[in-house]
Amino acid sequence: MYQSVYEMSLPLLNSEPSKFHFVQPEKTEHQNVWKESFKQLYHGVHVKPGYAQQVYENPGSFSGRSMQYYDTIEEALSAVEGQMYQLILVHAGIYSCEWLYIDTPVCIIGAAFGNNPDSVIIENNKESTFVFMENSEDAYLGFLSIRFTPDANSQQPHHKHSCIEVTANCWPTIDSCVIRSKSQVGAAVSVSGKGAAPHIKNCIISDCENVGLFVNDHAQGTYEDCEISGNALAGIWVKNFANPIIRRCHIHHGRDVGIFTFDNGLGYFDSCNIHHNRIAGFEVKAGANPTVVNCEIHHGQTGGIYVHENGRGEFLENKIHSNTFAGVWVTYNSDPTIRGNEIFNGHQGGVYIFGEGRGLIENNDIHSNALAGIQIRTNSNPIIRGNRIHDGQHGGIYVHEKGKGLIIENEVYSNTLAGVWVTTGSCPELRRNRIHSGKQVGVYFYDNGHGILEDNDIFNHMYSGVQIRTGSNPVIRKNKIWGGQNGGILVYNGGLGVIEHNEIFDNAMAGVWIKTDSNPTLRYNKIHDGRDGGICIFNGGKGLLEYNEIFRNTQAGVLISSQSHPTLKKNRIYDGLAAGIEITNNATASLEGNIVFNNKFAGICLATGVEPEMKDNRVYDNKDAIEKAVRSGRCLYKISSYTSYPMHNFYRCRTCNTTDRNAICVNCIKKCHQGHDVEFITHDRFFCDCGAGTLSLQCQLAGEPTKDTDTIYDSAAPTESHTLMVN
């Protein structure tokens with residue numbers, strides 16, 4: 001009986017006004033759900049073309065039933081107008097070119113076997129198929145296919161025509177419909193005007209030749225569990241202070257952008273799956289300010305999120321991944337909040353801010369992207385706070401072309417290139433970040449990169465913790481730079497910088513390197529417990545070093561070499577395992593008011609020909625281990641091994657055919673090479689090759705030989721960044 005009357009495969013219940021749902025008979029609490037459904041739908045009228053004529057011609061066949069049948073939906077609408085219970089059941093068929101203006105709380109439901117929308121199709125080719133108007137607030141439209149199919153040769157403009165049009169001051173429910181428009185302008189679903197607030201759920205809006213859903217002009221509404229796909233323009237447009245709620249929608253494979261909010265559009269987008277759209281997954285423009293939470297935005301053919309031309313918005317706790325370009329773009333004076341998202345596996349970068357973009361980028365997990373985790377350029381000035389930026393195939397944060405920004409309290413680690421790059425006139429502030437465990441440099445300033453690096457913890461990098469080169473002039477202040485597998489700070493190739501109040505310690509090579517015409521200022525730093533020297537200046541390096549504490553380093557506290565000429569004032573250099581200050585290899589210096597004490601080899605050691613300017617230095621209580629070893633007749637290798645380089649007279653032995661790269665200490669000359677043809681070379685840094693066992697003659701003073709290592713006059717050279725080679 002039920003199926004013969006209603007022609008539906010499952011019972012349909014009307015549990016409350018404007019709410020209909022099919023149920024599985026075995027999963028309901030009703031004793032006889034078919035009977036219950038029959039009862040609830042009984043007072044509805046039916047649209048079934050030709051059936052009214054059959055009832056009229058054969059009344060006996062329908063005795064006992066008071067059901068009314070109509071040939072068109074328009075007739076049925078007229079019949080139920082003014083009734084308390086307005087329900088229209090539209091049976092299988094294609095209904096074309098009716099004028100369906102809804103201004104009552106009518107319920108229109110597709111009634112057919114199987115999947116109802118496949119069999120109940122309502123279409124128009126001249127005007128909007130359905131128009132909901134004021135007083136349709138409790139109207140319901142469900143389980144239908146709704147189409148707008150204008151004639152391709154028609155001259156009539158259709159930019160205002162839609163499958164469904166919802167106007168001001170009404171809030172119908174549209175449920176489980178398949179909606180498709182073939183118009184190349186307008187939108188398949190258009191919601192516009194104050195008070196327009198439909199509830200659209202479980203609908204499919206797909207393969208339209210225009211926009212899927214357009215919410216405009218202060219309209220609102222709730223749009224849930226819809227599939228919006230394959231549309232020629234945006235899946236969703238939100239414009240002009242419209243403020244919809246979009247939940248759990250699946251927006252994908254669009255031929256344009258997934259969601260486009262513009263011209264002050266708003267909206268709350270929650271738990272949507274947005275992917276494989278040809279342009280950005282989500283675009284924000286021209287004062288739009290949406291809120292996007294718990295969405296997954298992925299596999300876009302360009303970027304994930306694109307905010308531009310004064311766009312705003314809040315993007316919270318989304319997953320943004322696997323997009324062809326950047327996960328998030330921010331440009332042209334836009335100022336969004338990007339917070340708590342996971343941004344990963346991008347084919348380019350994670351977040352890209354350019355063209356005077358701003359924004360708050362906060363507490364995101366940004367990882368495993370092919371280019372920089374965050375890129376800031378062209379006068380952009382965002383706040384980057386509390387993010388984890390890690391495991392990138394490129395660098396962590398890249399600031400270039402006059403980029404700015406406050407970069408604060410982030411953790412940047414395990415990136416393939418530099419943790420942070422600053423270049424080409426950029427001037428960011430980096431404060432209280434942890435930058436560590438990188439495969440190259442921690443923070444790299446080059447080609448006139450500037451900025452402030454303050455209160456950061458920089459450690460455990462394969463290259464230097466900080467590098468400064470080619471005209472860069474940052475302020476490096478109050479940082480801890482430690483545990484590097486190379487040096488602490490490297491300033492080279494004309495680098496500058498003010499380096500003050502830092503603690504630099506436990507690096508495998510020198511705490512600070514200054515070379516190749518660089519001229520930084522170092523003051524009030526603590527440089528200590530290095531596995532090499534404290535400060536190493538060579539190849540024409542300069543610099544002002546004042547008020548620094550330099551102590552407990554394995555090599556010289558300060559080594560000055562190869563045409564360098566720094567100024568050292570009022571530093572304390574002490575407790576070193578080699579000399580306090582060493583000057584060698586045609587270098588010179590100005591030494592004034594320094595205190596040098598309790599170093600193992602000596603206080604100040606000067607190689608042959610070195611004549612620094614010296615004034616008011618205090619040198620005392622150094623252990624003079626070199627002179628003591630010479631006086632006791634020991635080989636100097638016994639106090640240096642091949643890892644440090646005591647400064648003293650060294651010689652070569654013509655009889656043993658040694659070269660200038662083989663140094664022999666004075667005691668080995670007297671003992672091991674007695675009677676040989678020897679010559680004095682210079683007073684400089686070396687270790688004794690005789691004692692090291694690298695000569696053919698066995699040393700009589702040093703004991704067991706060690707591995708073959710040529711004398712090295714300077715500390716080992718630092719590793720310079722290869723960033724420019726791979727960028």
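- Formation of a donor-acceptor pair under 3.5 Å by the Thr149 side chain with backbone atoms of Lys182 is not found in this model.
- Note on ring orientation: taking the six-membered ring where Trp is involved, the planes of Trp237 and Phe214 are perpendicular (angle over 60°, cut-offs 30° and 60°).
- Contact of the Leu141 side chain with the Ile164 side chain is registered, since non-hydrogen atoms from C-beta on lie closer than 4.5 Å.
- Two rings, from His308 and Tyr332, have their centers 6.0 Å or more apart.
- Checked against the 6.0 Å centroid threshold, Phe143 and Phe22 count as a close aromatic pair.
- Checked by atom type, the side-chain pair Asn135/Asp103 shows no donor-acceptor distance below 3.5 Å.
- Heavy-atom neighbours of His43 NE2 from other residues, nucleotides or ligands within 6.0 Å: at or below the threshold of 12.
- Asn294 places no side-chain N or O within donor-acceptor distance of the main-chain N or O of Asn318, the cut-off being under 3.5 Å.
- Ring pair Tyr2/Tyr6 is tilted by interplanar angle, where 30° to 60° counts as tilted.
- Ring geometry for His321 against Phe344 counts as parallel: the plane angle stays under 30°, on a 0 to 90° scale with 60° as the upper cut.
- At distances below 3.5 Å, at least one donor-acceptor pair connects side-chain atoms of Asn381 with backbone N or O atoms of Gly405.
- Taking all atoms of both residues into account, the shortest heavy-atom contact from Asp225 to Cys249 is N-SG, 3.9 Å.
- Of all the heavy atoms in Glu165 and Lys160, the pair that sits closest is OE1-O, 3.6 Å.
- For Gln184, the CD atom counts as loosely surrounded, since its 6.0 Å shell holds 12 or fewer non-hydrogen atoms of other residues, nucleotides or ligands.
- In this pair, His253 and His276 present their aromatic rings parallel. The plane angle is below 30°, not in the 30 to 60° band.
- Note on ring orientation: taking the six-membered ring where Trp is involved, the planes of Phe354 and Trp329 are perpendicular (angle over 60°, cut-offs 30° and 60°).
- Applying the salt bridge (charged side-chain N to carboxylate O under 4.0 Å, His left out) test between Asp365 and each of Arg388, Lys319, Arg339 identifies Arg388 as the sole match.
- Aromatic ring centres of Tyr306 and Phe325: separated by at least 6.0 Å.
- Side-chain atoms of Asn14 come within 3.5 Å of backbone N or O of Glu16 as a donor-acceptor pair.
- There is a side-chain donor-acceptor pair under 3.5 Å between His298 and Asn273.
- Counting non-hydrogen atoms of neighbouring residues, nucleotides and ligands closer than 6.0 angstrom, the CD atom of Glu29 reaches no more than 12 such neighbours.
- The closest donor-acceptor contact from the side chain of Asn289 to the backbone of Gly313 lies under 3.5 Å.
- One side chain, Asn240 or Asp217, offers a donor N or O that lies under 3.5 Å from an acceptor on the other.
- The only member of Phe130, Tyr223, Phe132 that meets side chain to side chain contact (heavy atoms under 4.5 Å, CB included) when paired with Ile174 is Phe132.
- When only modelled atom types and interatomic distance are considered, Tyr352 and Arg377 share a side-chain donor-acceptor pair under 3.5 Å.
- Considering every non-hydrogen atom in both Cys170 and Met133, the closest pair reads CB-O, 3.2 Å.
- Side-chain N or O atoms of Ser18 include one that pairs as donor or acceptor with a backbone N or O of Asp138 at under 3.5 Å.
- Although no hydrogens or angles enter the test, the distance criterion places a donor-acceptor pair under 3.5 Å between the side chain of Ser380 and the main chain of Gly357.
- Side-chain contact check for Asn333 and Asn310: no donor-acceptor pair (N or O, by modelled atom type) lies under 3.5 Å.
- Heavy-atom minimum distance, Asn124 versus Ser128: ND2-O, 4.0 Å.
- Of the candidates Gln83, Glu81, Gln86, Thr104 forms a side-chain hydrogen bond (donor to acceptor under 3.5 Å, both in side chains) with just one, namely Gln86.
- Taking the six-membered ring for Trp and thresholds of 30 and 60 degrees, His252 and His275 have nearly parallel ring planes, at less than 30 degrees apart.
- Between Arg247 and Asp270, at least one side-chain N (NZ, or NE/NH1/NH2) sits under 4.0 Å from a carboxylate O, which counts as a salt bridge.
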